[in-house]
Peer 1: 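One structure, pasted below without further comment.
Residue numbers start from 1 in every chain, and the chains themselves are labelled A, B, ... in the order their sequence lines are given, proteins ahead of strands.
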There are 2 protein chains.
Amino acid sequence: MRMDALLRAGEPMYLVIAGELKGKIIAGEFCPGDTLPSENELRGRFAASRETVRKSLKELENEGYIYSRPGKGYFVCKPEYGRFTLDLREDEDAALRHIAVIVPRAEVAQVLGLDKKKRVIEIVRITHKGGRPSACEMRYLPYSQGQPTIEADIDYAVFPEVAAGKTSAFAFHTEMSISAESAAGKAAQYLECPEGTPLLVLRRYLVSLSGERLGYAVKYILPSSGPLTATTGLLLK
Amino acid sequence: MRMDALLRAGEPMYLVIAGELKGKIIAGEFCPGDTLPSENELRGRFAASRETVRKSLKELENEGYIYSRPGKGYFVCKPEYGRFTLDLREDEDAALRHIAVIVPRAEVAQVLGLDKKKRVIEIVRITHKGGRPSACEMRYLPYSQGQPTIEADIDYAVFPEVAAGKTSAFAFHTEMSISAESAAGKAAQYLECPEGTPLLVLRRYLVSLSGERLGYAVKYILPSSGPLTATTGLLLK
DNA sequence: TAGTGGTCTAGACCACCGT
DNA sequence: CGGTGGTCTAGACCACTAC
């Protein structure tokens with residue numbers, strides 16, 4: 001008996017099987033470390049071909065619920081509650097404060113691995129919330145004197161988002177460090193807050209495949225702009 | 001001609017194809033938004049069956065490089081540079097400071113959705129670095145008076161890690177908020193730092209499938225313990 | 001209509017694991 | 001050895017897209 005009844009809903013067989021198994025995992029019928037029914041067992045139970053069953057299992061594997069061991073079987077994963085996903089894509093509301101080609105201060109030169117004479121492009125953006133500054137960000141990129149005009153660099157300099165569109169994609173990745181610091185200097189100035197105010201500080205590094213740092217960005221966030229939020233990756237659906 | 005030469009290395013055909021395509025994407029031969037060769041085209045080029053080609057493509061899709069549109073083809077993704085992965089699994093070095101069943105203060109009761117009389121288990125852990133406190137964490141769980149002994153609850157209370165092993169896995173997920181705050185009260189006391197020191201604050205919530213908050217943890221981190229780090233998910237391999 | 005991806009099948013051979 | 005998963009094939013039918 002093919003389970004065509006379930007297919008009438010338009011849901012492909014392999015998703016039906018995957019959903020069935022996922023349900024049992026979430027309900028606790030299968031616990032972390034447990035062995036799942038073998039492909040053969042499932043093949044019989046759902047009257048599906050082996051490849052279809054394997055497709056279901058592959059789906060669950062991709063979603064992080066199970067893993068397989070050749071010669072042994074499929075097992076339920078231990079959830080990774082220590083892995084969080086942080087989404088920083090909402091930052092499009094930042095207003096440009098200024099752009100300049102400058103001689104970088106020591107910190108920036110060091111981060112980008114430049115000698116002191118080399119100049120960089122500095123881009124400062126400020127985010128407002130309720131009429132008051134809530135965050136500011138300084139981005140730095142090596143200034144290649146010569147061919148590229150500042151304008152081209154600026155386009156590129158929206159940091160990786162644009163760069164990705166015009167050069168080889170996936171040739172970079174981004175690293176970030178998160179810390180808390182007291183407001184001081186430029187940051188306090190841009191944010192119009194007293195020195196000593198605790199700030200959330202995000203430092204991002206644009207890193208090439210070969211490990212070079214091609215860009216550096218520091219963002220200072222006032223407590224008033226609310227916390228960052230992150231979630232454990234699983235269970236979106 | 002089957003590309004058996006490439007298979008001799010022990011690498012399955014579908015990974016060879018996937019690697020080939022991935023290389024071209026990373027090298028910039030295929031840019032974000034570009035269409036990839038069709039399944040049929042690849043089928044011919046690699047002398048493989050359609051399912052094998054599809055397996056390659058599925059692999060790249062899982063890794064986040066491409067996506068497909070029925071009737072149109074496969075396309076190169078725009079890298080998601082705004083999505084970061086945060087790894088918090090190194091926190092096993094924290095020493096237990098104390099455990100107690102207490103009447104929660106207002107903040108905790110509100111977070112957990114408890115009325116004032118309900119008691120909670122409080123677990124305080126302190127992390128040391130170079131002989132000095134570098135972080136402290138307070139965890140709170142509703143105290144179910146009755147059957148469960150404190151000991152059982154404590155076992156459960158290592159928060160989700162242990163809970164996952166004994167109840168239904170994947171029945172919870174964790175949410176987190178990250179902020180910067182000035183040291184004050186208990187936190188300053190546990191960390192032996194002056195009030196006003198900027199602290200990185202992580203608040204984690206154990207959330208059930210139905211949206212209930214089953215646990216709450218606040219961790220205060222001194223600047224001295226170094227920043228949190230996160231990376232853009234791709235390109236691990 | 002032709003081309004594309006999405007699903008599914010029934011078989012095949014292999015490497016791995018346990019007894 | 002028998003059972004398990006891993007790879008691969010050659011076909012089939014479908015839905016979607018574009019012309």
Peer 1: Rounded to whole Å, please give me the gap between CD in B/Glu39 and P in C/dT7.
Peer 2: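 Roughly 11 Å, once rounded to whole Å.
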Peer 1: Quick one: B/Asn40 CG to D/dT9 P, roughly how many Å, whole number?
Peer 2: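 After rounding, the gap between these two atoms is 14 Å.
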Peer 1: Would you kindly give the CG-to-C1' distance between B/Leu42 and C/dG3, to the nearest whole Å?
Peer 2: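 That distance rounds to 14 Å.
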Peer 1: Once each nucleotide of nucleotides 12-19 of chain C is scored for protein heavy atoms under 4.0 Å, what B/S/- sequence comes out, 5' to 3'?
Peer 2: B---BSS-
Peer 1: Is B/Ser68 close enough to C/dG6 that one of its side-chain N or O atoms is under 4.0 Å from OP1 or OP2 there?
Peer 2: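 It does, given that an N or O in the side chain of B/Ser68 lies less than 4.0 Å from OP1 or OP2 of C/dG6.
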Peer 1: Going by the rule side-chain hydrogen bond (donor to acceptor under 3.5 Å, both in side chains), which residues pair with A/Glu39 if we only count those two or more places apart in sequence or in a different chain?
Peer 2: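 In terms of side-chain hydrogen bond (donor to acceptor under 3.5 Å, both in side chains), with neighbours along the sequence ignored, A/Glu39 is linked to A/Arg50, A/Arg54, A/Tyr74.
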Peer 1: To the nearest 0.5 Å, what is the distance between CG on B/Asp87 and CZ on A/Arg83?
Peer 2: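 Atom-to-atom, B/Asp87:CG and A/Arg83:CZ are 4.5 Å apart.
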Peer 1: Send over the distance from A/Lys58 NZ to D/dG5 C1', rounded to a whole Å.
Peer 2: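 These atoms are roughly 12 Å apart.
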Peer 1: Look at the side chain of A/Lys55 and decide which nucleotide, out of D/dT7, C/dG5, C/dT7, has an atom nearest to it.
Peer 2: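 Selected nucleotide: C/dT7.
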Peer 1: Check this for me: does any side-chain nitrogen of one of A/Lys55 and B/Glu51 sit under 4.0 Å from a carboxylate oxygen of the other?
Peer 2: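 No.
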Peer 1: For B/Glu41 and C/dT4, give me the distance from atom CD to atom C1', rounded to whole Å.
Peer 2: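 B/Glu41 atom CD is separated from C/dT4 atom C1' by 13 Å.
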Peer 1: Can you check whether B/Arg69 has a side-chain N or O nearer than 4.0 Å to OP1 or OP2 of C/dT4?
Peer 2: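 For C/dT4, neither OP1 nor OP2 has a side-chain N or O of B/Arg69 closer than 4.0 Å.
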Peer 1: In whole angstrom, give the distance that lies between atom CZ of B/Phe46 and atom C1' of D/dA10.
Peer 2: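 It works out to 20 Å between those atoms.
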Peer 1: Can you find a heavy atom in the side chain of A/Arg125 that is under 4.5 Å from one in the side chain of A/Lys219?
Peer 2: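 A/Arg125 does not reach A/Lys219 side chain to side chain.
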Peer 1: Using the side-chain heavy atoms of B/Ser49, tell me which of these nucleotides is nearest: D/dT9, C/dG5, C/dC8.
Peer 2: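 Given the options D/dT9, C/dG5, C/dC8, the side chain of B/Ser49 is closest to D/dT9.
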Peer 1: Expressed as a whole number of angstroms, how long is the span from A/Arg43:CZ to D/dG5:P?
Peer 2: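 Between P of D/dG5 and CZ of A/Arg43: 11 Å.
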Peer 1: If the cut-off is 4.0 Å, is A/Ser38 near the phosphate of D/dG3, judged by side-chain N/O to OP1 or OP2?
Peer 2: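 False: A/Ser38 side-chain N/O out of range (4.0 Å or more) of D/dG3 OP1/OP2.
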Peer 1: In whole angstroms, how far is the P atom of C/dT4 from the CG atom of B/Leu36?
Peer 2: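 In whole Å, C/dT4 P and B/Leu36 CG are 13 Å from each other.
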Peer 1: I want to check something: taking the side chain as every heavy atom from C-beta on, are B/Leu228 and B/Leu88 in contact at a cut-off of under 4.5 Å?
Peer 2: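 Answer yes - side chains close enough.
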Peer 1: What's the separation between atom CE in B/Met138 and atom CD1 in B/Ile123, rounded to the nearest 0.5 Å?
Peer 2: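 Between atom CE of B/Met138 and atom CD1 of B/Ile123 there are 12.5 Å.
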Peer 1: Respond yes when some side-chain nitrogen or oxygen of B/Tyr67 is under 4.0 Å from OP1 or OP2 of C/dG6, and no when none is.
Peer 2: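 For C/dG6, OP1/OP2 do not have a side-chain N/O of B/Tyr67 under 4.0 Å.
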Peer 1: Kindly say if A/Tyr74 contacts the phosphate of D/dG6, meaning a side-chain N or O under 4.0 Å from OP1 or OP2.
Peer 2: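 Affirmative; the distance criterion is met.
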Peer 1: Only counting residues at least two apart or in another chain, list the ones meeting side-chain hydrogen bond (donor to acceptor under 3.5 Å, both in side chains) with A/Glu59.
Peer 2: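 None.
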